[in-house]
Structures are given as structure tokens and as C-alpha cells.
Protein chains: 2
Amino acid sequence: MSLPHAILTALLEKPSSGLELTRRFDKSIGYFWSATHQQIYRELGRLEQAGHIRALPAPVPARGQRKEYEVLPAGRAELGMWVARQEDPKPLRAALLLRMRAAAVVGATGLRAELSRHLDLHRKQLAEYLEIEARDFPPERRHTEPDRLRHLVLRGGIDMERFWVEWLTNALAELGTE
Amino acid sequence: MSLPHAILTALLEKPSSGLELTRRFDKSIGYFWSATHQQIYRELGRLEQAGHIRALPAPVPARGQRKEYEVLPAGRAELGMWVARQEDPKPLRAALLLRMRAAAVVGATGLRAELSRHLDLHRKQLAEYLEIEARDFPPERRHTEPDRLRHLVLRGGIDMERFWVEWLTNALAELGTE
DNA sequence: CGTTCTTCTGCAACTAGTTGCAGAAGAGGA
DNA sequence: TCCTCTTCTGCAACTAGTTGCAGAAGAACG
């Protein structure tokens, strides 16, 4: 039940149309909660139905017509509840770890190449995050609570990528001597 | 498309019935690829259909009757292919990061408690992994390739939990001064 | 022996996420 | 003006994962 809340958050930051949301998900929010435009349109419909958001009045409501949404008080309230709600962390889903375990059974042929490919991808992602940090969170932008929270979120992404880079580097080193 | 391969791996390690698999998923494999008994039964049916596994001959095949499965050569081959296949890492899905970002918009009321609760859960998980490491991977068990691979998988879990523990500790420290 | 409890398998119906495609609106060029 | 290309919205149909429940087999106990 996270997607509707992701959308509420994005809409509170800035009222948007479906496609604008999709683009923003491809960037910042999607870094830790991705969604396709399909999911987003469907969820916007549900949120409107539930009275959590509303479409800003458009001249001619019609198919193919751009619709801007904004959050209603009920939506903001729901988001506030959700922030404090108890919700256990979902168990990790790491296909690469699974593949490594399979490799222990059927042999690691071809696994090394996959590992270096992933290492490369994670290095790139890490670099991108660090760039964002340098650009959006200079020291003077770390004082208000909202800024600190946003920065902590980004740190989460950064440290997560660091974890992968380190783990993959180590794995390659350990398998390299075979 | 990871669940069938998770099941193949588990069955290669040891032929099992559906419920045995479920239990083993609750333990080791489920640490990075969880599944309910329902998913497992359905997938066993598909894998049998596809000729990747077969049920060991049972005296009286009937509903409610325990069925042991074993992997056929075609299943092993498929798993071998999968280990080397190119498959991009799925974007992270971390609801807690999302909630923190929402908190930056609607206020962090109640978030601290949730963070400490998660910190506690991740500490426990980390302790469990470290116990497994001490028990199953003493230094002399780290020489053959399969052992090294299995150990690397576990290290992945350990380092991932360490990441969460550190990030949460840091987040609490930074929000604590408010 | 019969009743009850647990184990094991599985169906049905749901929610969440993905993929392919199509139609309306508007911009831009011949 | 008409044609085409892009933008934006959305339907339909799929796969993956979850939840609730039920029926058969066998063990456990009177």
C-alpha cells in the first residue's frame, strides 16, 4: 500500500498531471519506489474516487485531455497517518544473491561477468546520487527538518549503492583467484 | 522470473515436498527471496508441467498426499543458463525511505518511534545472520568454490542489515535533536 | 474403533505490478 | 488546409504475490 502514498507525497510537493508524475517518478521518487505510468493513472483514479485528491477544473473534460491533480485535506490526513503507521520491513528481494546461491549448486559459469556488469551499474548510480547530493544539499541546506529528512532519504540511497559496490567488489576479488 | 529458479536451487540442494520447501524458504532461501506455500505449490505444478522437475513415484497419488519432487536434467540446465543470464538489478523498494520523504512534507510526527522499531528488527536480524555465519562458516569451510559462494550470499545479507542499522542509527541521531 | 488434531496439498479470489496497444489533442511543417 | 509526429491519457490482458479457506491423510488419544 505504498504507491498511493508515494503519489500523495509527490502531489503535495507539486500538483501535477499523470505524465508529469510519471516523469518525476522516473527521477527522484522512483529511486526508491518506482512505478509505470499505468500504475500511476490507475492509482490517480482510485485516489480521486476515495476523495483524497481532485482534478483541477479543466475547460473541456475529455479523453486525451491533460488533467492536473491536487491533494485534498483528506489525502494529507491519510498521508500523515501513514507516516506514523507500524509497518514491518518487507523481506529483501535480491535476485543476484539468489543467482549466486544457485551458482553454488550448478557452477559459477558466466557469473563473474554478470557481477562486474552489476558493479558498473551500481557505481554509476552511486555517482549520480553523489552528484545530486552535492547539487541539492550543500551544508547550509541541512538545517530545517524537511531538508534533513530529504537529505537522509538520499543518504539511504547512497549508502545502499555503496553496500552493493563494496559487496560486488569483494565478491569479484574472492572469486577471481579461481 | 526468480521464484522457479529459487525452487530449482532448493530442490537440487535436497529433493523435498511442497511443505518442506515452504519451511526451507522461511529459513535460508527466504532471507533474500521469500515465498508463501501457495506460490510454491503453484510453481511446482508449472515446473512439473514444463518438464523441469518430477514428482517421485508415490504409492497412491491422491489429494492431500505428500509429494516429493526432484530436479530433472532440463531443470538443471535451465538453472545453469539463468545464473549467467543478463538481468538488471530491480530498483530498490524501500517503503521506509518513502515514508521519510512523506514526513518531509506532512511532518515527522510518530516517525521516530517507527525508526527505532525498525532499528530493533534489523539488529535482531543481523544478530541471527552472524550466528549462522559463526555456526555454518568457520574458517576451514571457506575454501571450496560452493562454500565461498554460499558464504558470500550470507555476507550480502549481513552487510545489508548492517547498512540498515547504521542508517537508522544515524537518522535517529540526526532527528533526535529536534 | 471413532473422534479430534495436525500435517499437507490445493482451489479461489484478491491486490500489485507489467506490457502492449490505441485514441484524442495539439504542434509543426508541406 | 491536411498530414504527421509527439504528448497525454487510458483500456485490456497479462504475471507475480497474498489471503482465506477447505478437504484428504495420518497420528494421537479416549
Side-chain angles (χ1 to χ4, degrees), chain A residues 1-8 10-11 15-26 29-30 32-50 53-56 58-69 82 87-95 98, chain B residues 1-8 10-11 15-26 29-30 32-50 53-56 58-69 82 87-95 98:
Chain A
M1 285 294 296
S2 294
L3 180 59
H5 300 101
I7 292 179
L8 287 173
L11 286 181
S16 309
S17 67
L19 205 67
E20 272 171 351
L21 278 177
T22 306
R23 293 204 217 289
R24 290 169 58 199
F25 266 73
D26 284 346
I29 289 199
F32 46 92
W33 204 274
S34 62
T36 63
H37 78 277
Q38 262 321 309
Q39 281 176 277
I40 289 172
Y41 281 118
R42 233 184 325 182
E43 205 59 50
L44 283 171
R46 286 180 199 155
L47 284 166
E48 189 175 22
Q49 208 68 33
I53 64 175
R54 66 168 188 138
L56 293 179
V60 188
R63 191 189 160 108
Q65 189 82 17
R66 196 189 169 69
K67 259 192 280 183
E68 286 254 314
Y69 290 94
W82 181 68
E87 211 163 272
D88 284 352
K90 285 235 172 171
L92 172 63
R93 293 235 152 166
L98 197 58
Chain B
M1 283 291 299
S2 293
L3 180 58
H5 301 101
I7 292 179
L8 287 173
L11 286 181
S16 309
S17 68
L19 205 67
E20 271 170 350
L21 278 178
T22 305
R23 291 204 217 292
R24 289 169 58 200
F25 267 73
D26 285 345
I29 289 199
F32 46 92
W33 205 274
S34 63
T36 63
H37 79 277
Q38 262 320 311
Q39 282 176 276
I40 290 171
Y41 280 118
R42 233 185 324 182
E43 205 58 51
L44 283 171
R46 286 179 198 158
L47 284 166
E48 190 175 21
Q49 209 68 33
I53 63 174
R54 66 169 188 137
L56 294 179
V60 189
R63 191 189 160 107
Q65 188 84 17
R66 195 190 171 69
K67 259 193 281 183
E68 287 253 313
Y69 289 94
W82 181 69
E87 211 163 273
D88 284 352
K90 288 235 170 168
L92 171 64
R93 294 235 151 167
L98 198 57

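The analysis underlying the following values was restricted to heavy atoms, covering all of them including side chains, and did not include hydrogens, waters or symmetry mates. In what follows, every chain begins at residue 1, and chains take the letters A, B, ... in the order their sequences are listed.
- Separating the CG atom of B:L19 from the P atom of D:dG26 is a distance of 15 Å, rounded to the nearest angstrom.
- In this structure, B:L44 places its CG atom 8 Å from P of C:dG10, rounding to the nearest Å.
- In terms of heavy atoms, B:A10 sits closest to B:L21 at CB-CD2, 3.6 Å.
- A:T22 comes within contact range of no nucleotide atom at all, as no heavy-atom separation falls under 4.0 Å.
- Contact between the side-chain N/O atoms of A:R23 and the OP1/OP2 oxygens of D:dT7 is not found at any separation under 4.0 Å.
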For nucleotides 15-18 of chain D, give me every protein contact, N/O to N/O, under 3.5 Å, one pair per line with atom names.
| residue | atom | partner | partner atom | Å |
| --- | --- | --- | --- | --- |
| D:dG17 | OP1 | A:R93 | NH1 | 2.7 |
| D:dG17 | OP2 | B:Q39 | NE2 | 3.3 |
| D:dG17 | O5' | B:Q39 | NE2 | 3.4 |
| D:dG17 | N7 | B:R42 | NH2 | 3.4 |
| D:dT18 | OP2 | B:Q39 | OE1 | 3.0 |
| D:dT18 | O4 | B:R42 | NH2 | 2.8 |

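- Between A:K67 atom NZ and C:dA24 atom P there is a gap of 16 Å when expressed in whole angstrom units.
- Here the side chain of A:Q39 pairs a donor or acceptor atom with the backbone of A:T36 at under 3.5 angstrom.
- We find the CD1-CG distance between A:I40 and A:L19 to be 9.0 Å, quoted to the nearest 0.5 Å.
- The distance from the CZ atom of B:R42 to the NE2 atom of B:H37 is 10.5 Å, given to the nearest 0.5 Å.
- Rounded to an integer number of Å, the gap from OH of B:Y41 to P of D:dT19 is 18 Å.
- Rounded to a whole Å, the NE2 atom of A:H37 is 12 Å from the P atom of C:dG20.
- For the pair A:A35 and A:F25, the tightest heavy-atom approach, listed with the atom from each and the gap, is CB-CD2, 4.0 Å.
- Distance check, rounded to the nearest 0.5 Å: CD1 of B:I53 to CD of B:E68 gives 11.5 Å.
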